[in-house]
Amino acid sequence: MSQSWHKEKHFSNRNNWLRAGVLGANDGLISTASLLMGMAAADPNHHTLLLSGIAAMISGAASMAAGEYVSVSSQRDTEAADLRKEMDSLTKYPEVELEELTAIYRQRGLDENLAQQVAQAMTKHNALEAHAREEIGITEVSKANPLQAAFASALAFSCGAIMPVLLSFLTSSIWLMMVLAITTILGLAILGCISAHLGGAPKSPAVIRIVILGAFALALTSIMGHILGIIF
Ligand SMILES: [Zn+2]
């Protein structure tokens, strides 16, 4: 039983990566498409529209990458600092640390003898690992590489952003807003479906949610673009 639980957990970890990718694509699609809708509604020429689409894609991808890099790095630094502190304490005060671990097991419902036995066995096997898990809650030292994570999220964002950019390249201005709206909603529905599937959640609520939010974002930027286009 414990083995199947273990497998399940790893499966869900891998899904988390995929879901992060889908969410990144979602971001790229919705933000670039809304920007293009706003620009198209303000009625700039096709050339300006294309340039803004490409600029939105690049700046969005760069910002996703920077955010991810910072977040993964600081997560790693925090973990490393925690582990260093724990290692230090284990070397200096092994008795205190053993008592600490025993107390944790006692709190989880083991009786005094058993708690002591488990704490001693764990300490003997791998003291740092036991303290990291039971005390700090680090089950697995995160192996995420900040650069890799940054690249992955920039790529995910670009995958979502490239569709509206390509469409505005290929579609004439008259049809662009309609084509953008339809394909974006469709794209969001597909991404919502994939995301729900990966998370093991029901698909319809996820799809309805993202479609409504996406339509709202597109409508809002088109209206704003239209108004601003008149004012300026
Ligand atoms: Zn400790």
Side-chain angles (χ1 to χ4, degrees), residues 1-28 60-157 191-192 194-202 205-206 209:
M1 191 201 160
S2 82
Q3 206 185 7
S4 78
W5 177 79
H6 196 67
K7 265 184 207 154
E8 190 69 26
K9 189 170 166 257
H10 276 282
F11 185 60
S12 117
N13 276 350
R14 197 187 55 192
N15 271 356
N16 283 344
W17 271 96
L18 284 170
R19 284 177 82 193
V22 173
L23 284 180
N26 206 82
D27 269 5
S63 122
M64 291 282 284
E68 194 64 17
Y69 186 86
V70 168
S71 142
V72 171
S73 303
S74 75
Q75 168 74 15
R76 227 170 49 159
D77 290 350
T78 310
E79 275 181 14
D82 272 345
L83 289 177
R84 248 196 325 270
K85 246 187 273 173
E86 199 58 40
M87 192 69 237
D88 195 47
S89 182
L90 278 167
T91 340
K92 281 185 190 151
Y93 319 106
E95 299 294 314
V96 178
E97 286 294 323
L98 182 63
E99 180 40 47
E100 190 184 58
L101 198 58
T102 311
I104 289 172
Y105 290 127
R106 217 163 32 219
Q107 240 171 28
R108 295 204 183 154
L110 303 189
D111 66 45
E112 183 59 38
N113 265 341
L114 194 54
Q116 265 174 22
Q117 273 175 31
V118 173
Q120 272 158 11
M122 291 288 184
T123 303
K124 208 172 145 195
H125 172 68
N126 187 338
L128 184 62
E129 194 187 274
H131 281 261
R133 189 180 53 232
E134 314 293 3
E135 208 186 318
I136 315 171
I138 301 176
T139 43
E140 201 180 337
V141 175
S142 75
K143 294 176 185 82
N145 174 339
L147 266 183
Q148 218 175 336
F151 182 75
S153 60
L155 188 71
F157 185 93
L191 288 172
I194 297 172
S195 172
H197 175 77
L198 290 171
R209 203 157 46 216

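What you are looking at is a predicted structure, and each value in this text was computed from that prediction instead of being measured. Side chains are part of it too, since the values below use all heavy atoms of this structure and drop only hydrogens, waters and symmetry mates. Just so you know, ligand 1 is whichever comes first in the structure, and atom 1 is the first atom listed for that ligand.
For the Zn ion (ligand 1), protein N, O or S atoms under 2.8 Å: 5 in total.
Residues Leu101 and Ala130 share a closest heavy-atom pair of CD2-CB, 4.1 Å.
With Ser195 contributing its side chain and Leu191 its backbone, the two residues share no donor-acceptor pair below 3.5 Å.
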What pairs of donor and acceptor atoms, side-chain ones from residues 121-128 against any protein atom, are under 3.5 angstrom apart with sequence neighbours left out?
| unit_1 | atom_1 | unit_2 | atom_2 | d |
| --- | --- | --- | --- | --- |
| Thr123 | OG1 | Ala119 | O | 2.6 |
| Asn126 | OD1 | Leu128 | N | 3.4 |
| Asn126 | OD1 | Glu129 | N | 3.1 |

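With sequence neighbours left out, Glu134 forms a side chain to side chain donor-acceptor pair (under 3.5 Å) with Tyr105, Arg108.
Sorted by first then second residue, the salt bridge (Lys or Arg N to Asp or Glu O under 4.0 Å) pairs that include residues 95-104, not counting sequence neighbours, are Glu99-Arg106.
Between Arg84 and Asp88, no side-chain nitrogen of the basic residue sits less than 4.0 Å from a carboxylate oxygen of the acidic one, so the salt-bridge criterion is not met.
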